[in-house]
Amino acid sequence: MQTGFVWHERYMWHNTGRASGPFLSDASGWMEPDIRHTENSDTKRRFRNLLDVSGLLDQLVPIAPRAATVEELTRFHTAAYVEHVRELSAGAGGEGVDGTTVIGKGTYEVALLSAGGVIEAVDAVLDGTVDNAYALVRPCGHHALPDAAMGFCIFGNVAIAAHHARVVRGLRRVAIVDWDVHHGNGTQAGFYDDPNVLTISLHQDSCFPPESGPLEETGEGAGEGFNLNVPLPPGSGDGAYEAAFEQLVIPALERFQPELILVASGLDASAMDPLGRMMVSPKGYGRLAELLLDAAARLCDGRVVMAHEGGYSAELVPFCGLAIVERLAGVETEVRDTILQLFPEHMGQQQLQPHEQALIERVAAVAGL
Ligand SMILES: O=C(CCC1CCCC1)NO
Ligand SMILES: [Zn+2]
């Protein structure tokens, strides 16, 4: 299996500053020592370093990112918004609409490279250069709206790549699966009336954006039935996510018959993430990747591109990421046993719970699955 990997050191240079975290910015005068913004480079760099020292990185095919063009961005964003980000980035900087998203000096150029990196990964997969790919990009994108930055997201990386696959590469049906613990509201908004892009988001119910991603939102107009929200209850672990995939995500993909599957790969559903309250283990993320890749092999010759989104646990992001990339590459590294030991059962409920199954059945009823 040839797996592409997108990385650039510049992704680490998007400076989100020394805020006292997204929730505590008003407390910044009361914290000593102050903390770095929750969305900083650490967990992404640690993820890549683990790929490196595990020996897996040497088995991946490097894909060089490029800056997305304004034309590519404006298939999803307004031109005014793109220009607004460029101006802020060239000047004094600024924030997104929710007070947590930093647009710092130079952010614009890094965000172009982030969006362009996912586009390059899509081209590499569609050209057959690689079978699948992981784009370890930053800043993330799934909350970005056509005209606003939010949730640490600047440009809608995955949404922009989906447009590229359709408009430039001529695909008719593209599926987006978002396993970040927060609702992929930007991606949903971008394709809500579009039957050619299936948007699926599994997330912690009402976590972020507040009250966003209810199961009743199934699309509108021609897009009715092509948006699937799975608002899982806090505490959902490996069992709940595996059941949601088996009962909802995979059947929805089989019904849609995508020619390409994009994954908004947020690792903040892990059991130790500061911005989520779920219980997914590294083994659990590996299982989700297995289920998705098995479906992709049956539906679209294994064409899968994953773009990194959230994930803030110092301990679990690297191991969740490694578990996923091992599955993409079809390789077991010497770290596998460590992964399997991390977050053992006794630390939290991993079995599917009746209330989690009940939610899954409510979603299935609404989605006709
Ligand atoms: O990981 C993220 C960012 C979520 C935070 C943005 C502000 C509070 C929660 N989105 O997927
Ligand atoms: Zn997230």
Side-chain angles (χ1 to χ4, degrees), residues 11 14 16-17 19-28 35-44 46-47 94-104 107 111 114-115 118 135-145 148-160 176-190 199-213 229-232 234 236 241 262-280 284-285 288 306-314 316-318 320-321 324:
Y11 293 146
H14 163 50
T16 51
S20 295
F23 301 110
L24 300 172
S25 53
D26 295 340
S28 60
I35 57 173
R36 290 174 72 194
H37 193 288
T38 308
E39 199 293 306
N40 59 60
S41 56
D42 287 355
T43 54
K44 291 83 178 174
R46 205 174 281 119
F47 175 4
E95 286 202 331
V97 291
D98 60 352
T100 72
T101 309
V102 175
I103 300 173
T107 291
S114 185
V118 185
L136 184 44
V137 298
R138 179 174 178 259
C140 47
H142 72 145
H143 294 308
L145 295 170
M150 67 179 289
F152 308 158
C153 301
I154 308 294
F155 296 138
N157 304 326
V158 169
I160 291 161
I176 299 172
V177 178
D178 186 328
W179 58 39
D180 187 290
V181 77
H182 306 106
H183 177 228
N185 63 298
T187 312
Q188 173 178 308
T199 49
I200 301 173
S201 177
L202 303 98
H203 46 271
Q204 178 182 326
D205 187 14
S206 305
C207 180
F208 184 85
E211 309 309 317
S212 185
N229 282 329
V230 186
L232 289 164
S236 295
Y241 272 79
L262 301 177
V263 177
S265 179
L267 307 184
D268 39 15
S270 89
M272 295 173 74
D273 199 280
L275 295 189
R277 290 295 172 269
M278 298 307 223
M279 304 282 281
V280 180
Y285 264 111
L288 300 187
M306 299 188 180
H308 198 71
E309 294 281 356
Y312 311 96
S313 166
L316 289 193
V317 164
C320 292
I324 290 166

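All values below were derived from every heavy atom in this structure, side-chain atoms included, with hydrogens, water molecules and symmetry-related copies excluded. Whatever order the structure lists them in is the order used to number ligands and atoms, beginning at 1.
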Please confirm whether Glu309 approaches ligand 1 to less than 4.0 Å, judged on its heavy atoms.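 No; Glu309 lies far enough from ligand 1 that no heavy-atom distance drops under 4.0 Å.
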
Should Gly266 be listed as contacting ligand 1, given a heavy-atom distance under 4.0 Å as the test?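 Outside the 4.0 Å threshold, so no.
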
Can you list the ligand 1 atoms lying under 4.0 Å from a non-hydrogen atom of [X]?
X	value
Phe152	3 (C), 5 (C), 6 (C)
Gly310	1 (O)
Tyr312	1 (O), 2 (C), 3 (C)
His142	10 (N), 11 (O)
Gly151	3 (C), 6 (C)

Would you check if there is a donor-acceptor pair between the side chains of Asp268 and His182 at a distance under 3.5 Å?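 Result is yes, a qualifying pair exists.
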
Report yes or no: do Thr107 and His14 form a side-chain donor-acceptor pair below 3.5 Å?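 Yes, because at least one side-chain N or O of Thr107 sits under 3.5 Å from a partner of the opposite role on His14.
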
Main-chain N/O of Glu39 paired to Thr16 side chain as donor or acceptor, under 3.5 Å: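 Looks like yes, one N/O pair under 3.5 Å.
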
For [X] and [Y], which heavy atoms make the closest approach, and how far apart are they?
X	Y	value
Met150	Pro209	CE-CG, 3.6 Å
Tyr241	Ala269	OH-CB, 3.5 Å
Ser265	Ile324	OG-CD1, 4.1 Å
Gly310	Asp180	N-OD2, 2.9 Å
Gly151	Asp98	N-OD2, 2.8 Å
Val181	Gly276	CG1-CA, 4.2 Å

N/O separation below 3.5 Å, Asp268 to ligand 1: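 Yes, Asp268 has an N/O under 3.5 Å of an N/O on ligand 1.
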
Any N or O of His143 that comes nearer than 3.5 Å to an N or O of ligand 1?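 It does: an N or O of His143 is found under 3.5 Å from an N or O of ligand 1.
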
Can you tell me which portion of Met150 lies within the under-4.0 Å heavy-atom range of ligand 1? Options are side chain, backbone, both, or neither.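 No part of Met150 is near ligand 1 at this cut-off.
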
Check the angle between the aromatic planes of Phe208 and His143 and answer parallel, tilted or perpendicular using the 30° and 60° thresholds.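 If you compare the ring of Phe208 with that of His143, the planes turn out perpendicular.
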
Examine His308 together with Phe47 and report whether their ring centres are nearer than 6.0 Å.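 Yes, they do, as the ring centres are separated by less than 6.0 Å.
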
Among the protein atoms near the Zn ion (ligand 2), how many are N, O or S and lie under 2.8 Å away?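 Atoms of protein N, O or S type lying less than 2.8 Å from the Zn ion (ligand 2) total 4.
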
